[in-house]
2 protein chains.
Amino acid sequence: MTKKETTPRSKSKTKAAPPASERAPTSKRVRFDVEERRAQLIALGIQRFARHPYDDVSIDEIADAAGISKGLLYHYFPTKRAFYVAALTESSADLLKRTEPDPTLPPLERAIAGLTRYIDYVDEHAASFSALMRGGIGSDREVASIVDTTREAFVTRILENAVTAIGLEGASLDRLRAVLRGWIGCTEALSLDYLERKVLSRDEVRNALVKLLISHIDVFRQLQAEAGLST
Amino acid sequence: MTKKETTPRSKSKTKAAPPASERAPTSKRVRFDVEERRAQLIALGIQRFARHPYDDVSIDEIADAAGISKGLLYHYFPTKRAFYVAALTESSADLLKRTEPDPTLPPLERAIAGLTRYIDYVDEHAASFSALMRGGIGSDREVASIVDTTREAFVTRILENAVTAIGLEGASLDRLRAVLRGWIGCTEALSLDYLERKVLSRDEVRNALVKLLISHIDVFRQLQAEAGLST
């Protein structure tokens with residue numbers, strides 16, 4: 001935790017740092033320990049990727065905003081892609097944390113509160129959310145797996161909250177998971193549409209998603225009844 | 001239409017054609033006109049991409065199956081990517097054609113019939129469908145635009161079929177489009193889950209999607225009522 005930054009092996013030709021006058025006002029050279037520096041860089045990355053297409057985010061600009069050399073940034077993240085993946089991992093964890101259900105609320109209010117915060121997140125991370133949902137940055141396996149892990153975490157969370165209300169067990173849990181994945185697909189599509197077209201308001205998107213979550217659980221109950229399985 | 005194939009400009013080093021014994025039994029050298037050849041190659045491409053990951057489909061194998069030289073294939077499609085895009089375009093048109101609503105059926109049966117054929121298609125094109133939905137082949141703008149155009153064609157079609165039943169006009173149409181995009185997202189997610197996990201049966205997925213389509217239209221009506229707009 002208190003390990004100090006080491007100077008990176010110098011690259012063959014490192015550009016000179018821009019004169020202080022050209023640096024962002026925040027770029028004071030502060031000496032951080034390794035963990036702090038990593039966290040600072042990731043926070044900057046999340047911020048930039050949230051608002052600008054991947055290709056428009058430059059490593060120079062990030063290093064500059066952090067007040068470090070490009071060489072030192074590459075010491076933490078060997079490529080821009082690795083930096084993006086680290087930012088996406090952290091940002092996904094942040095999304096899950098921010099939408100954590102409040103156990104003191106009744107189920108419906110819990111869903112409303114979670115979805116309100118989900119749409120806040122979508123709004124704040126418009127560029128990166130669109131890019132992810134459209135595969136626009138040429139999704140590789142690593143990126144696809146972060147997205148999938150996040151989706152599954154949501155499915156598990158909804159399942160846990162729904163199960164206490166419904167009372168399910170065994171094989172039926174997998175069947176509910178399957179139906180809930182449909183709702184996640186619907187949530188992503190409506191969120192993307194909201195970002196790109198703004199035909200429905202924020203509140204309408206949230207209200208529609210709450211209603212549709214209930215519809216999905218209801219459809220699951222109907223499938224169970226039709227298959228002679230327990231609801 | 002009756003334009004004859006011309007010999008492609010010979011590449012610097014063209015591999016010799018494999019001996020007849022190594023070629024697929026279907027690879028009889030038949031002389032097609034340009035349109036026929038293009039259609040034959042695209043049909044072969046759709047078939048291969050449907051069942052194998054993009055990286056596992058080789059241009060050699062396609063040329064071989066068509067009974068033509070690799071050079072002639074590159075005459076029609078300059079790159080493997082261009083060949084894939086042409087196959088995807090044709091395959092998407094085929095999906096829309098196969099799921100065309102039958103106007104002699106009542107609305108619910110029309111939806112059931114369309115979704116049955118949609119899931120047939122998903123089943124027959126498992127590899128390409130998964131890859132598309134997962135951005136697994138590194139979706140570029142061109143691929144994303146084909147997927148989007150197909151989605152919008154579905155939205156328009158459902159809209160037209162729903163509107164005759166509901167009686168909508170003006171701005172409300174855009175609002176229904178938005179909600180229907182949610183259902184498309186749900187359809188894609190459930191289809192992908194069906195391909196990858198097979199927890200719900202084909203018929204269950206279809207039935208769930210029919211019920212969820214009704215739920216989406218119902219949620220739209222609720223949003224309209226809450227906004228004081230016409231249903």
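To find a chain, count down the sequence lines: A is the first, B the second, and so on, and within it residues start at 1. The figures that follow rest on heavy atoms only: side chains count, while hydrogens, waters and symmetry mates do not. The structure displayed is predicted, hence computed values, not measured ones.
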Donor-acceptor check, side chain of [X] to backbone of [Y], threshold 3.5 angstrom: yes or no?
X      : Y      : answer
A/N207 : A/D203 : yes
B/T156 : B/E152 : yes
B/K97  : B/S92  : no
A/E204 : A/S201 : yes
A/K80  : A/Y54  : yes
A/R37  : A/Y76  : no

Practice task
Using side chain to side chain contact (heavy atoms under 4.5 Å, CB included) as the criterion, point out the one residue from A/I146, A/I42, A/T149 that pairs with A/T89.
Solution key: A/I146
Which atoms of [X] come close to chain A, meaning under 4.5 Å heavy atom to heavy atom: side chain ones, backbone ones, both, or neither?
X      : answer
B/V205 : neither
B/D218 : neither
B/E188 : neither

Problem - Interface residue of largest heavy-atom contact number with chain B, from A/L190, A/I214, A/I184, under 4.5 Å - result: A/L190
Handout entry: For chain A, the option from B/L223, B/L192, B/T187, B/V147 that forms the most heavy-atom pairs under 4.5 Å
Key = B/L223
Problem - Heavy-atom pairs under 4.5 Å with chain A, option from B/G182, B/S191, B/S215 with the top count - result: B/G182
Handout entry: For chain A, which residues of residues 119-128 of chain B have heavy atoms nearer than 4.5 angstrom
Key = none
With a cut-off of 3.5 Å and sequence neighbours excluded, list every side-chain donor-acceptor pair involving residues 108-117 of chain B.
from   : atom 1 : to     : atom 2 : distance (Å)
B/R110 : NE     : B/L105 : O      : 3.0
B/R110 : NH1    : B/N161 : OD1    : 2.4
B/R110 : NH2    : B/L105 : O      : 3.2
B/T116 : OG1    : B/I112 : O      : 2.7
B/T116 : OG1    : B/R206 : NH1    : 3.3
B/R117 : NH1    : B/R98  : O      : 2.7

Practice task
Would you indicate whether A/E226, at its atom CD, is surrounded by more than 12 heavy atoms from other residues, nucleotides or ligands within a distance under 6.0 Å?
Solution key: yes
Problem - Heavy-atom proximity to chain B below 4.5 Å, by part of A/R181 - result: both
